[in-house]
Each structure stands twice: as C-alpha cells, then as structure tokens.
Amino acid sequence: MRIGVLGTGNMADALATHWVRAGHQVTIGGRNAHKAERLATRIGGSAKPASLRTAAEDGQEVVLAALPFGAGVDVARDLHAALEGKVVLDCSNPVGPGFRLLTDGGPSAAQQLASAVPGAHVVKAFNLCHEDVWRMRPPVFGGRPLAVPVCGDDETALARVRELVRDVGCEPVAGGGLERAGLLEATAALFIALWVGEGVDAQAIAPPLAYAAGPSHQERGETSTVRGRREP
C-alpha cells in the first residue's frame, strides 16, 4: 500500500516502522520539515519525508492521522480535498487531565474527524495501548497476539486497516461501526486511569471469554454433578 502519515510523533514512528518493514510505501508528513525528515531517516526503507499535504496526497490507500485530539480535525479540514475518498485511520485518544474523556456527551474524536472530511472513510484503531507496545516486534503476550478493535463503516476501508493491524503482528477484532468508536475512546480513558492512575492491571477486570456471559452450560452441569455427589 501507499500510506500517508500525518504527524511525526511516537505513534507515527511506531506504526510506520512496522508498515515499512512489511513492504508498504510510507510518506511521513509534518508541519516541521526537519522533524519529518528525521523520522523518515530513522525509519529508513521506503519512508520519505514530506509536508502534511503531500503525505495526504501520497497516501492513496490509507492515511494515518497520528495527531493529538483537536489538531487532527483542523488538519483534516484543511486537507479535505486531498483526503476525499480515502481511508483515514484515527488512533487519537481524547483524554485530558484527570484521565477525563474530553468528548463526554458529544461526538467521538473519530466522528469529529469524519465530519471534517465527509468524503473520507474514517476508521478507528490502535488507540488502546502505549506507543511502546506498538513498537514491539510483535506485540505478543503469553503466546497470544495483541487484539486490536477496529471500528468503521466501509468494508473496503476496514479490510485495509485489518491488513495493517496484521502487519504490526496483531489480530484485528471487529469493533462495529464508527458510531462505536466512542466506546473505544472511553475504554482508553478508563484503562489509562487504571494503569497510570491506580497501578491496576486493566486485564484483571474482565473474566476469560468462557465466563463472559456467565459459567458455560457444561461447567454448570459439572458443578451440579459435584454438588450431587456431596449431598447425602
């Protein structure tokens, strides 16, 4: 794929590095030409530096909006003509001081981005982990690849993003339409508050899949049998 990256920060670095290694052509776009050049040089391979506009134009298949919440909407609105009809991948988290969700009561960050470029196909993904997790080669824990929820409305866009998720070494998970992107963003706010604010392992708050809807019928049967044996 030809991928444009809007931004020169940590998420741009982490994800673009994987995609270059996977054989994609990546254009790194930034307001600061020196930062864009420095990042493209560090990534190496097919990565090349450019302006934000050129990166948006070069990203024929996907454009990653690796920009802080708020800034992404302004940049997308300015580049709307270059983003028309393209897949725009949003990895931002609208989380403010006190781990507060900045979009509470309103449209999600992804929906705001979609409103700024109504002709584009916005997909939400890669927002639930610290950038250093995305730098891992690959992000595998306990022998299981990290699962990445993906939200969007266009099947072609979703298919492209799922491919990019796999190129990072992760497993894409259907997260529903773009209207559910706000749930991903709220989950990030909660997880960050638990991880950073409380020092709690967020994984510990969810039971294994087999118990997600309560004990399975088989387990209930086994429990009844055991109880039956104990009864006089």
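Along the sequence shown, residues carry numbers from 1.
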Cut-off 3.5 Å, no hydrogens considered: what does the side-chain donor-acceptor table look like for residues 184-193, sequence neighbours left out?
residue, atom, partner, partner atom, Å
Glu185, OE1, Ala109, N, 2.9
Glu185, OE2, Ala109, N, 3.2
Glu185, OE2, Ala110, N, 3.2
Glu185, OE2, Lys124, NZ, 2.8
Thr187, OG1, Leu183, O, 2.7

*asked:* Working to the nearest 0.5 angstrom, can you tell me the gap between Leu178 CG and Asp153 CG?
replied: 5.5 Å
*Identify the two heavy atoms, one from Ala12 and one from Leu39, that lie closest to each other, and give their separation to 0.1 Å.*
CB-CD2, 4.2 Å
*Check whether any side-chain N or O of Gln60 sits under 3.5 Å from a backbone N or O of Glu57 as a donor-acceptor pair, and report yes or no.*
yes
*Pro172 versus Val150, closest heavy-atom pair with distance*: CB-CG2, 4.4 Å
*asked:* Tell me whether Leu6 shares a hydrophobic cluster with Val62, the cluster being built from Ile, Leu, Val, Met, Phe, Trp, Tyr side chains joined at under 4.5 Å.
replied: no
*Would you say Val148 and Met136 are hydrophobically clustered, going by side-chain heavy atoms of ILVMFWY under 4.5 Å?*
yes
*Do you know which two heavy atoms are closest between Ala56 and Val63, and how far apart they sit?*
O-CG2, 3.8 Å
Which donor-acceptor pairs under 3.5 Å do the side chains of residues 21-28 make with protein atoms, sequence neighbours left out?
residue, atom, partner, partner atom, Å
His24, ND1, Met1, N, 2.9
His24, NE2, Asp167, OD2, 2.6
Thr27, OG1, Asp58, OD2, 3.1

*Could you tell me whether Arg166 atom CZ has more than 12 heavy atoms of other residues or ligands within 6.0 Å of it?*
yes
*Say you draw a straight line from CG of Leu52 to CG of Asp78; how long is it, rounded to the nearest 0.5 Å?*
8.5 Å
_SG-CZ distance between Cys129 and Arg135, expressed to the nearest 0.5 angstrom_ = 13.5 Å
*Any idea which heavy atoms bring Leu64 and Trp19 closest together, and the distance?*
CD2-CZ3, 3.9 Å
*Which value, rounded to the nearest 0.5 Å, describes the distance between Asp74 atom CG and Gln112 atom CD?*
10.5 Å
_Val87 backbone acceptor or donor facing Arg160 side chain under 3.5 Å_ = no
*Is the number of heavy atoms from other residues, nucleotides or ligands within 6.0 Å of CD (Glu131) greater than 12?*
yes
_Under 4.5 Å between side-chain heavy atoms, counting indirect links through other Ile/Leu/Val/Met/Phe/Trp/Tyr residues: same cluster for Val5 and Val168 or not?_
yes
*Are Val133 and Leu89 connected in the hydrophobic side-chain network, where two residues link if heavy atoms are under 4.5 Å apart?*
yes
*Separation of Trp134 CH2 from Met11 CE (nearest 0.5 Å)*: 6.5 Å
*asked:* Is there a continuous path of hydrophobic side-chain contacts, each under 4.5 Å between heavy atoms, that joins Val75 to Val73?
replied: no
*Taking atom CZ of Arg31 and atom CZ of Arg53, what is their separation to the nearest 0.5 Å?*
12.0 Å
*State whether the side chain of His18 and the backbone N or O of Val165 hold a donor-acceptor pair below 3.5 Å, judged by distance alone.*
no
*How close do Gly175 and Cys151 get, heavy atom to heavy atom, and via which atoms?*
O-SG, 3.4 Å
_Would you say that more than 12 heavy atoms from the other residues, nucleotides or ligands in this model lie under 6.0 Å from the CD1 of Ile205, or not?_
yes
*Are Thr8 and Asn32 close enough that some pair of their side-chain heavy atoms sits under 4.5 Å apart?*
no
*Non-hydrogen atoms of Val122 and Ala114 that approach each other most closely*: CG2-CA, 3.6 Å
Which atom pairs, donor and acceptor, lie under 3.5 Å between side-chain atoms of residues 95-107 and protein residues at least two apart or in another chain?
none

*For salt bridge (charged side-chain N to carboxylate O under 4.0 Å, His left out), just list the numbers for Glu155 and Arg162, CA-CA rounded to whole Å, side-chain angles, deciding distance to a tenth of an Å, and then say yes or no.*
CA-CA 10 Å; Glu155 185 52 43; Arg162 286 194 293 263; 2.5 Å; yes
